[in-house]
Number of protein chains: 2
Amino acid sequence: MLYDTLRQYITEYSLQSITEEEFALIKEAFKPKRLRRHQYFLQEGDVCRYMGFITGGAMRQYSVDANGHEHILRLGIENWWMGDYESFKMLTPSKYNVDAVEDTELLQISNDRIQELKAVIPALKRMIEVMDERSSIASQRRLHAAISYSAEERYTEMQSTYPALLRRFPQTMIASYLGITPETLSRIKRQLLGKKSKIS
Amino acid sequence: MLYDTLRQYITEYSLQSITEEEFALIKEAFKPKRLRRHQYFLQEGDVCRYMGFITGGAMRQYSVDANGHEHILRLGIENWWMGDYESFKMLTPSKYNVDAVEDTELLQISNDRIQELKAVIPALKRMIEVMDERSSIASQRRLHAAISYSAEERYTEMQSTYPALLRRFPQTMIASYLGITPETLSRIKRQLLGKKSKIS
DNA sequence: TAATTGGCTTGACATAGATCAAGTTCTTTT
DNA sequence: AAAAGAACTTGATCTATGTCAAGCCAATTA
């Protein structure tokens, strides 16, 4: 049921299995939560007290700049974690908003509880370590792309890295994630179609 | 002497002290290395087998794109770690070069040895966990800046976040780090001087 | 001291991508 | 079925930043 994907996720990332007692602790600590489309999970200025493990639906993390433009930092779907990690860890007010792009259900856990669980469930501790490593690496890659690549290159890279996200989110959001306007993304797509047809 | 700053660094990050026996292990595992200005620590295509803890000098990590342009991803000075973490962790060929910007001395450790040490020195393990957390957060911040801010905003943010780097590296490299050309950085600085004088 | 070099600035021009404004298509709601 | 509204496209312009070229200054080397 609901918690099985989480259990599988932990096993997969930690490469360790968890006992039934441990699983019971997890089920008790992670609370199910439903979000309607457009509903906030976190608002700018609040401390991110929970991280959510998405079991169904789609979410985004974004900031709003001085001109009212949104900049999407992260997109997430089933089996992804969502929340502002910086705020969650440091207990500082978040610079970001997190909301649901589709009706979403997730399992949320508080900072306190995850600390307690880490202490008693080795697999969970290991999972978090691995996630930190990977997220550090993923951010570095995306930074590299943002600094070094053109908009078109970033789009094609996204096509190969996260095809699922491309299909799932409206292009306005994909554009924002790539750091460009929807108009530019539209034109890029047309250009790429032209190129493709020449190749094949 | 040479290893004291490393010891202090570990204590500071892990919030744990290390015993003399542990320190002896560390001294044996971390090998001192000297690099002349412009000398490579890592070249694109090689696997990053060592991470370096800089005890003196200045280094940079950068990629070279199809047009021969360099893009600096990270700058490092005393008390910073340097190397390509992705390649080091995953044992994959690196997309980056790492070299010395000044004559540099560092303490280097191999992947194998750090794994062994992590298993027997809790403080070291904890230090790495904390570093992963923070680097994950720092990358996210920089990504946010790269996507959301103008060149000028990124520069002023860098002024407040890493003043030491600004003083230490030539502006060509600062520009590359910010993802702009040296010419643009030069013009931005002039504009900012104008603004400042108006304020005061 | 002269020569060389690397780093910085400045100007003129080029361009990727943004902005603004319409118009189209496809859903969703009523 | 009508109406409203997303999401996307397209065109015309604008702007931040890049590119190319020249010159200057300071530091290092001969």
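If you're wondering where the values come from, they're calculated on a predicted model, not measured in any experiment. Within every chain, numbering begins at 1; the chains are lettered A, B, ... in the order of the sequence lines, protein sequences first and strands thereafter.
Atom C1' of nucleotide dG17(C) and atom CD1 of Ile180(B) are separated by 17 Å, given to the nearest angstrom. Remark: P of dG17(C) and NE2 of His71(A) are 16 Å apart, rounded to the nearest angstrom. Between His38(A) atom NE2 and dG5(D) atom P the separation is 14 Å, expressed in whole Å. At whole-Å resolution of the value, NE2 in His69(A) and C1' in dG17(C) are 13 Å apart. Residue Glu102(A) contributes atom CD, which lies 12 Å from atom P of dA7(D) at whole-angstrom precision. Put simply, CZ on Arg154(A) is 7 Å from P on dG17(C), counting in whole angstrom units. In this structure, Leu185(A) places its CG atom 10 Å from C1' of dC8(D), rounding to the nearest Å. As rounded to whole Å, 15 Å separates atom C1' of dT10(C) from atom CD1 of Ile188(B).
Contact check for Arg134(B) versus Ile137(B): no side-chain heavy atoms found under the 4.5 Å cut-off.
Considering every non-hydrogen atom in both Leu75(A) and Met82(A), the closest pair reads C-CE, 3.8 Å.
Side-chain contact check for Gln115(A) and Asn111(A): at least one donor-acceptor pair (N or O, by modelled atom type) lies under 3.5 Å.
Contacts between residues 163-173 of chain A and DNA chain D, defined by a heavy-atom separation below 4.0 Å, involve Pro170(A), Gln171(A), Thr172(A), listed by number.
Ion pairing between Arg154(B) and Glu157(B) fails under the 4.0 Å rule for side-chain N and carboxylate O. A salt bridge links Glu129(B) with Lys125(B): the distance from a Lys NZ or Arg NE/NH1/NH2 to an Asp or Glu carboxylate oxygen falls below 4.0 Å.
The phosphate of dA18(C) has OP1 or OP2 within less than 4.0 Å of a side-chain N or O from Thr181(A). Put simply, Ser186(A) has a side-chain N or O that comes within less than 4.0 Å of OP1 or OP2 on dT9(D). Residue Arg190(A) places none of its side-chain N or O atoms closer than 4.0 Å to OP1 or OP2 of dT9(D).
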*For Phe53(B) and Tyr9(B), run ring pair (Phe, Tyr, Trp, His ring centres under 6.0 Å): C-alpha distance rounded to whole Å, both residues' side-chain angles, the deciding distance at 0.1 Å, then the answer.*
CA-CA 10 Å; Phe53(B) 178 78; Tyr9(B) 184 95; 5.1 Å; yes
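Ranking dA21(D), dG11(D), dT17(D) by closeness to the Glu183(B) side chain, first place goes to dA21(D).
Taking 3.5 Å as the limit, the base of dT28(C) and the side chain of Arg37(A) contain no donor-acceptor pair of atoms between them.
A ring-ring contact (aromatic ring centres under 6.0 Å, His included) with Tyr162(B) is found for one member of Phe169(B), Tyr155(B), Trp80(B) and no other, namely Trp80(B).
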